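A quick note: this is a predicted structure, and the numbers were derived from the prediction, not measured. Values below: every heavy atom of this structure, side chains too, minus hydrogens, waters and symmetry copies.
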Amino acid sequence: MTAGLTPDQLTDAMPFARALGVQLDTAGPEEVTGRLDWAPDRCTAGGVMHGGALMALADTLGAACAFLNLPPGTSTSTLESKTNFFRGVKDGHVRGASHPLHTGRTSIVVQTDLFDAAGRRVAQVTQTQAVLRA
């Protein structure tokens with residue numbers, strides 16, 4: 001496991017997440033939390049936050065969670081990501097929390113739950129990360 005990294009250091013390691021505006025709030029092996037504010041340039045038709053923006057938030061949180069659960073001397077890469085969308089987001093922000101479901105020798109599975117500003121579930125993402133040996 002990689003210890004001692006702050007949420008800002010983890011976000012800095014993912015330039016796309018930083019450019020998109022993802023903010024990591026907490027980062028530990030058991031939970032990574034963060035948020036993405038609604039903005040017009042993150043939307044599709046009708047002012048609804050784009051699914052790709054929601055998936056990018058979930059992928060960022062999930063990747064950080066997987067990274068924090070890696071064995072020493074390994075890295076990770078996403079093998080699979082499955083998203084269920086439950087409602088649109090037209091204002092406010094989206095909060096997310098990632099938790100490991102499985103931390104094995106060859107793979108890590110993470111679940112990320114996304115909620116709108118009112119606390120309603122927006123999406124749930126399950127991703128499988130490969131554990132890559134150097």
S.K.: Are Leu114 and Val109 co-members of a hydrophobic cluster defined by side-chain heavy atoms under 4.5 Å apart?
M.R.: no
S.K.: How far does CD of Gln124 sit from CZ of Phe115, to the nearest 0.5 angstrom?
M.R.: 8.0 Å
S.K.: CG/Leu20 to OG1/Thr11 distance, rounded to the nearest 0.5 angstrom?
M.R.: 11.5 Å
S.K.: Would a 4.5 Å heavy-atom cut-off, applied to side chains only, mark Asp59 and Val125 as touching?
M.R.: no
S.K.: Where the side chain of Arg18 meets the backbone of Asp8, is there a donor-acceptor pair that is under 3.5 Å apart?
M.R.: yes
S.K.: Is any side-chain heavy atom of Met49 closer than 4.5 Å to one of His93?
M.R.: no
S.K.: Is it true that His99 and Gln111 share a donor-acceptor pair across their side chains at a distance under 3.5 Å?
M.R.: no
S.K.: Would you give the length of the straight line joining atom CD of Gln127 to atom OG of Ser107, rounded to the nearest 0.5 angstrom?
M.R.: 12.0 Å
S.K.: Which pair of non-hydrogen atoms, one from Val131 and one from Pro71, has the smallest distance, and what is that distance?
M.R.: CG1-CD, 4.0 Å
S.K.: Considering non-hydrogen atoms only, spot the tightest contact between Leu132 and Ser77 and give its length.
M.R.: CD1-CB, 3.9 Å
S.K.: If you look at every heavy atom in Ala123 and Thr83, which pair is closest and at what distance?
M.R.: CB-CG2, 4.4 Å
S.K.: To the nearest 0.5 Å, what is the distance between CZ (Arg35) and CG (Leu61)?
M.R.: 12.0 Å
S.K.: What's the spacing between Leu57 CG and Ser98 OG if we round to 0.5 Å?
M.R.: 8.0 Å
S.K.: Is there a side-chain contact between Arg42 and Asp37 in this structure, where contact means two heavy atoms from C-beta onward sitting under 4.5 Å apart?
M.R.: yes
S.K.: Examine Val89 and Phe85 and state if one hydrophobic cluster contains both, with Ile, Leu, Val, Met, Phe, Trp and Tyr joined whenever side-chain heavy atoms are less than 4.5 Å apart.
M.R.: yes
S.K.: What heavy-atom pair brings Ala27 and Val32 nearest, and what distance separates the two atoms?
M.R.: CA-CG2, 4.1 Å
S.K.: Could you tell me which non-hydrogen atom of Leu36 sits nearest to which non-hydrogen atom of Ala53, and how far apart they are?
M.R.: CD2-O, 3.7 Å
S.K.: State whether the number of non-hydrogen atoms from other residues, nucleotides or ligands found under 6.0 Å of Arg133 atom CZ is greater than 12.
M.R.: yes
S.K.: Could you state the interatomic distance from OG1 (Thr76) to CG (Asn69), rounded to the nearest 0.5 Å?
M.R.: 10.0 Å
S.K.: Quick one: closest heavy-atom pair of Pro7 and Asp25, and the distance?
M.R.: CG-O, 3.7 Å
